Amino acid sequence: MPIIEVNGIRLHYEDAGAGPALLFLHGWGTSGRVWQSCLPDLVRDHRVVTLDWRGCGRSDHPAEGNTIDGVTEDLAAVVKALAIKPTVVGSSIGGVFATELALAHPDLVERVVAVDSPGYWPSTGMRKLVQDLRVRLVDDRAGALAGWVPNWFAPGASRELVDWTVRQLLDSGVYIDALFTECTTYDPRPRLAGLAVPITYLHGELDAEIPLEVPRACAAETPGARVHVLAGCGHLPHQENPRAFTAALREIA
């Protein structure tokens with residue numbers, strides 16, 4: 001199992017293909033496996049790296065460092081160790097990590113593709129929702145996830161896909177829950193004018209978690225940014241319609 005050690009922890013990654021580098025970052029609590037349907041097409045002409053970031057999947061689940069800055073610095077160390085300058089494709093909070101990596105280390109990133117990324121919480125009302133979620137995750141983690149995850153997908157997604165996603169979340173560490181609280185006050189918009197790396201916001205048309213107003217508002221603050229909408233998809237277009245997602249990613253990258 002490929003392991004890279006950075007900042008005192010071991011991270012699982014997979015590395016295949018040759019050509020321009022792509023680094024894929026999954027969303028909260030899942031793993032690099034969420035990209036698997038997109039990989040056979042992309043590895044034909046790209047070097048594709050998928051990573052389980054700290055606290056998730058097959059990587060270590062430390063009690064410390066589960067912050068946006070902590071994960072971002074892990075990513076910087078991974079990119080340096082692998083000697084790549086990738087297009088960083090981040091799903092949901094993975095898009096936050098990709099954006100922060102580009103802001104902090106523009107020399108390490110070719111471009112960013114933020115996939116249904118939170119960007120910022122669109123209203124202060126989200127804080128109460130997140131607080132309630134954190135309570136439910138303590139009281140009944142399996143039940144809370146089973147009730148929440150179906151909302152990540154557009155209507156018509158298979159029950160098997162939802163259940164598989166829940167299983168990944170249950171396999172990840174509990175310490176990453178701290179990221180929810182941090183995200184309620186996260187807002188990169190005041191800094192996006194200084195982003196020196198091209199960014200595209202790739203967003204599912206039917207995302208019920210992060211409305212389209214969020215990537216559009218972020219793009220409006222970012223010189224040269226684009227918003228690409230995937231019709232019929234929810235919060236996880238790479239899982240819901242991997243063919244359409246891969247085609248869009250090829251157009252972008």
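All values reported here derive from a predicted model rather than from experimental measurement.
Hydrophobic cluster membership differs between Val174 and Val135, with clusters built from Ile, Leu, Val, Met, Phe, Trp and Tyr side chains linked at under 4.5 angstrom. Cluster annotation: Leu249 is not connected to Leu23 through the hydrophobic network of ILVMFWY side chains, with a link wherever side-chain heavy atoms come within less than 4.5 Å. Trp28 and Leu101 end up in the same hydrophobic cluster when Ile, Leu, Val, Met, Phe, Trp and Tyr side chains are linked at under 4.5 Å. Leu179 is connected to Val149 through a chain of hydrophobic side-chain contacts under 4.5 Å among Ile, Leu, Val, Met, Phe, Trp and Tyr, so both are in one cluster. Cluster membership for Phe24 and Val78, using ILVMFWY side-chain heavy atoms within less than 4.5 angstrom, is not shared.
A donor-acceptor contact closer than 3.5 angstrom links the side chains of His26 and Trp53.
More than 12 heavy atoms of other residues, nucleotides or ligands lie within 6.0 Å of CZ in Arg136, so this atom counts as buried by the packing criterion. Heavy-atom neighbours of Glu64 CD from other residues, nucleotides or ligands within 6.0 Å: at or below the threshold of 12. More than 12 heavy atoms of other residues, nucleotides or ligands shown are found within 6.0 angstrom of CZ on Phe180.
The nearest pair of heavy atoms linking Ala154 to Glu240 is N-OE1, 3.0 Å. When all heavy atoms of Cys233 and Asn241 are compared, the closest pair comes out as SG-CB, 3.9 Å. Here the closest non-hydrogen pair linking Ala98 and Val112 is O-CG2, 3.7 Å. Residues Val96 and Gly119 share a closest heavy-atom pair of CG2-N, 4.2 Å. Here the closest non-hydrogen pair linking Leu202 and Ala248 is CD1-CB, 4.0 Å. The two atoms that bring Thr181 and Val130 nearest to each other are N-CG1, 4.2 Å, heavy atoms only.
A salt bridge does not link Arg54 to Glu73: none of the charged side-chain nitrogens sits closer than 4.0 Å to a carboxylate oxygen. Between Arg134 and Asp177, no side-chain nitrogen of the basic residue sits less than 4.0 Å from a carboxylate oxygen of the acidic one, so the salt-bridge criterion is not met. The existence of a salt bridge linking Asp171 and Arg33 is excluded, since no basic side-chain nitrogen approaches an acidic carboxylate oxygen closer than 4.0 Å.
Contact check for Glu209 versus Trp148: side-chain heavy atoms found under the 4.5 Å cut-off. For the pair Ile93/Tyr186, no side-chain contact is recorded, criterion being any heavy-atom separation below 4.5 Å from C-beta on. Using a 4.5 Å heavy-atom threshold, the side chains of Ile68 and Phe97 count as touching. In this structure the side chain of Trp152 never reaches within 4.5 angstrom of the side chain of Val162, judged on heavy atoms. The shortest side-chain heavy-atom distance between Thr99 and Leu192 falls under the 4.5 Å cut-off. The shortest side-chain heavy-atom distance between Leu75 and His105 does not fall under the 4.5 Å cut-off. Counting heavy atoms from C-beta on, the side chains of Leu42 and Trp35 never come closer than 4.5 Å. When side chains are defined from C-beta on, Cys56 counts as touching Ile176, because their heavy atoms get closer than 4.5 Å.
Listed for the Thr222 side chain is no donor-acceptor partner under 3.5 Å among the backbone atoms of Ala193. At distances below 3.5 Å, not a single donor-acceptor pair connects side-chain atoms of Thr246 with backbone N or O atoms of Arg243. Using modelled atom types, one side-chain atom of Asp52 and one backbone atom of Arg58 make a donor-acceptor pair closer than 3.5 Å. The closest donor-acceptor contact from the side chain of His203 to the backbone of Val214 lies at 3.5 Å or more, if one exists at all.
Distance CG/Leu51 to CG/Leu82: 8.5 Å, rounded to 0.5 Å. Summarising the geometry, atom CD belonging to Glu213 is positioned 10.5 Å from atom SG belonging to Cys218; distances are rounded to the nearest 0.5 Å. The line from CD of Glu160 to OG1 of Thr165 is 11.5 Å long, rounded to the nearest 0.5 Å. Annotation: the span from Arg167 atom CZ to Ser31 atom OG amounts to 11.5 Å, rounded to 0.5 Å. Separating the CG atom in Asn7 from the CD1 atom in Ile9 is a distance of 7.0 Å, to the nearest 0.5 Å. Here Gln36 contributes atom CD and Thr50 contributes atom OG1; the two are 9.5 Å apart, rounded to the nearest 0.5 Å.
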Open item on the list: side-chain contact (heavy atoms from CB on, under 4.5 Å) for Val89 and His238? Distances and angles first, verdict last.
Closed with: CA-CA 11 Å; Val89 185; His238 48 292; over 6 Å; no
Task: Test log, rule side-chain contact (heavy atoms from CB on, under 4.5 Å), inputs Leu236 and Leu161 - done: CA-CA 11 Å; Leu236 301 172; Leu161 180 57; over 6 Å; no
TODO: Could you give me the CA-CA distance, side-chain angles and deciding distance for His12 and Ile3, then say whether side-chain contact (heavy atoms from CB on, under 4.5 Å) is met?
DONE: CA-CA 5 Å; His12 172 88; Ile3 292 290; 4.1 Å; yes
Open item on the list: Please evaluate residues Asp116 and Ile210 with respect to the criterion side-chain contact (heavy atoms from CB on, under 4.5 Å), reporting the C-alpha separation (whole Å), side-chain torsions for both, the decisive distance (0.1 Å), and the verdict.
Closed with: CA-CA 7 Å; Asp116 291 76; Ile210 306 297; 5.6 Å; no
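For residues 87-98, every residue pair satisfying the side chain to side chain donor-acceptor pair (under 3.5 Å) rule, not counting sequence neighbours, is listed here: Ser92-His235.
Judged by a 6.0 Å distance limit and a 45° cone about the ring axis, Arg189 is positioned over the six-membered ring of Tyr120.
Judged as a salt bridge (charged side-chain N to carboxylate O under 4.0 Å, His left out), and not counting sequence neighbours, the contacts of Arg44 are Asp41.
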